[in-house]
Protein chains: 2
Amino acid sequence: MFLQIEPYSDIPIYTQISQQIIEGIANKDIIPGDSLPSVRSLAADLGVNMHTVNKSYHELEKKGLITIIPKIGAVVNVTREEGGVKGEQLDHMEKMLRPVVAEGIVYGLGLSEFELLIKRLMKTLQ
Amino acid sequence: MFLQIEPYSDIPIYTQISQQIIEGIANKDIIPGDSLPSVRSLAADLGVNMHTVNKSYHELEKKGLITIIPKIGAVVNVTREEGGVKGEQLDHMEKMLRPVVAEGIVYGLGLSEFELLIKRLMKTLQ
DNA sequence: ATTTTGTTCTACCTTTTATAGAACAATTTT
DNA sequence: AAAATTGTTCTATAAAAGGTAGAACAAAAT
């Protein structure tokens with residue numbers, strides 16, 4: 001686990017943890033079937049509270065990315081399903097993208113510039 | 001002003017106001033030079049506190065989208081500059097997009113699916 | 001048998017979000 | 001000239017969110 005937490009960021013610590021684990025899954029640093037470290041050990045590694053890590057894990061479980069087995073641990077799920085992306089997840093993506101795209105339009109971004117941004121980010125993250 | 005506030009949303013009221021004004025600028029419902037309603041009248045319209053609207057306006061000013069002239073009001077700026085998008089704004093867009101793209105990758109989204117989402121949103125918003 | 005696991009509970013603190021009212025000086029309207 | 005409206009600033013209060021802390025529990029792993 002190579003997570004780096006910025007304590008004074010305006011992004012909550014538990015969100016930083018979630019986002020970096022998601023990036024780890026995106027770039028296959030973490031693959032389906034892998035176990036995440038225990039909330040206690042990761043908390044100790046990061047110098048944060050156990051409950052903060054626990055909150056992040058439950059956020060990831062809510063998104064369907066991991067499964068928390070009580071008294072055992074957290075396991076990364078298979079999320080790249082065969083039959084394509086779930087409609088539920090597409091709706092979620094659209095909800096997250098909408099305010100970002102609106103702001104981009106106001107800045108004068110065109111479709112090609114959006115596509116370039118996405119392409120660059122996919123190359124960076126994948 | 002056709003703003004609709006959901007008081008019990010997990011999105012702060014002042015953020016809802018900012019986002020909907022940004023959408024108004026994106027779809028040219030509001031154009032550069034237009035004055036925004038006074039913080040008092042908009043607050044009365046929406047049934048929220050004056051200070052909540054004030055916070056939203058200052059957030060929009062921080063993004064460079066409006067100019068607040070003390071004792072006068074708030075005016076929408078020209079944001080689609082001639083010389084293309086500012087690098088500062090592209091950095092900001094990338095920061096906002098990064099966690100969204102990462103999550104999309106984990107869901108199995110490919111470039112073409114991202115592009116379709118963006119295209120659809122641009123059509124809806126513009 | 002011991003350690004480690006996630007869970008649950010109480011407790012405390014800071015920051016954020018939101019509301020409320022008052023006062024001010026400047027501007028606009030009447 | 002008088003009245004109303006403007007954004008700003010100040011104090012105050014309250015709820016929610018974010019974060020830490022410690023303890024206890026039963027189940028699982030060592």
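In the text below, chain A, chain B and the rest are named by the order of the sequence lines, each starting its count at 1.
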Quiz item: Quick one: the side chain of B:H51 and the base of C:dG21, do they pair up donor-acceptor inside 3.5 Å?
Solution: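 Present.
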
Exercise. Classify the side chain of A:H58 and the base of C:dG6 as holding, or not holding, a donor-acceptor pair under 3.5 Å.
Key: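 Answer no: no donor N or O sits under 3.5 Å from an acceptor.
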
Expressed in angstrom and rounded to an integer, what is the separation of [X] atom [atom1] from [N] atom [atom2]?
X	N	atom1	atom2	value
B:L42	D:dT5	CG	C1'	15 Å
A:I68	D:dA28	CD1	P	17 Å
B:I5	C:dT17	CD1	P	15 Å
A:L46	D:dT20	CG	C1'	15 Å
A:D10	C:dT14	CG	C1'	16 Å
B:I17	C:dA18	CD1	C1'	11 Å
B:N49	C:dA22	CG	P	13 Å
A:Y8	C:dT14	OH	P	14 Å

Quiz item: Which of these nucleotides, D:dT20, C:dT19, C:dG6, is closest to any side-chain atom of B:I13?
Solution: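 Comparing D:dT20, C:dT19, C:dG6 against the side chain of B:I13, the answer is C:dT19.
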
Exercise. Look up atom CG in B:L97 and atom CG in A:L97, then write down how far apart they are to the nearest 0.5 Å.
Key: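 Reported value, rounded in 0.5 Å steps: 7.0 Å.
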
Practice problem: Can you measure from CZ (B:R80) to CG (A:L109) and round to the nearest 0.5 angstrom? | Solution: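 Interatomic distance, B:R80 CZ to A:L109 CG, rounded to 0.5 Å: 10.0 Å.
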
Below the 4.0 Å mark, does [N] have OP1 or OP2 next to a side-chain nitrogen or oxygen of [X]?
X	N	answer
A:T52	D:dT20	yes
A:K55	D:dG18	yes
B:K71	D:dT8	no
B:N54	D:dG7	no
B:S38	D:dT6	yes

Quiz prompt | Residue met sooner reading DNA chain D from 5', once A:P7 and B:Y57 are mapped to nucleotides | solution =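 Looking at DNA chain D, the more 5' nearest nucleotide goes with B:Y57.
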
Quiz prompt | First of A:T15 and B:G73 reached from the 5' end of DNA chain D, by closest nucleotide | solution =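 The answer here is B:G73.
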
Quiz prompt | 5′-ward residue of the pair A:I72/B:R40 relative to DNA chain C | solution =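 Looking at DNA chain C, the more 5' nearest nucleotide goes with A:I72.
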
Quiz item: Does one side chain, of B:S18 or B:T15, offer a donor that lies under 3.5 Å from an acceptor on the other?
Solution: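 Per modelled atom types, B:S18 and B:T15 side chains form no pair under 3.5 Å.
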
Quiz item: Are side-chain heavy atoms of A:E94 and B:L121 found at a separation under 4.5 Å?
Solution: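 Contact flag for A:E94/B:L121 side chains = yes.
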
Practice problem: Please answer whether the main-chain N or O of A:S38 pairs with a side-chain N or O of A:S41 as donor and acceptor at a distance below 3.5 Å. | Solution: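 Side chain of A:S41 to backbone of A:S38: a pair is present.
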
Quiz item: If you look at every strand shown and take non-hydrogen atoms under 4.0 Å, does B:Y14 touch a base, only sugar-phosphate, or nothing?
Solution: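 Since only primed, P, OP1 and OP2 atoms lie under 4.0 Å of B:Y14, the category is sugar-phosphate.
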
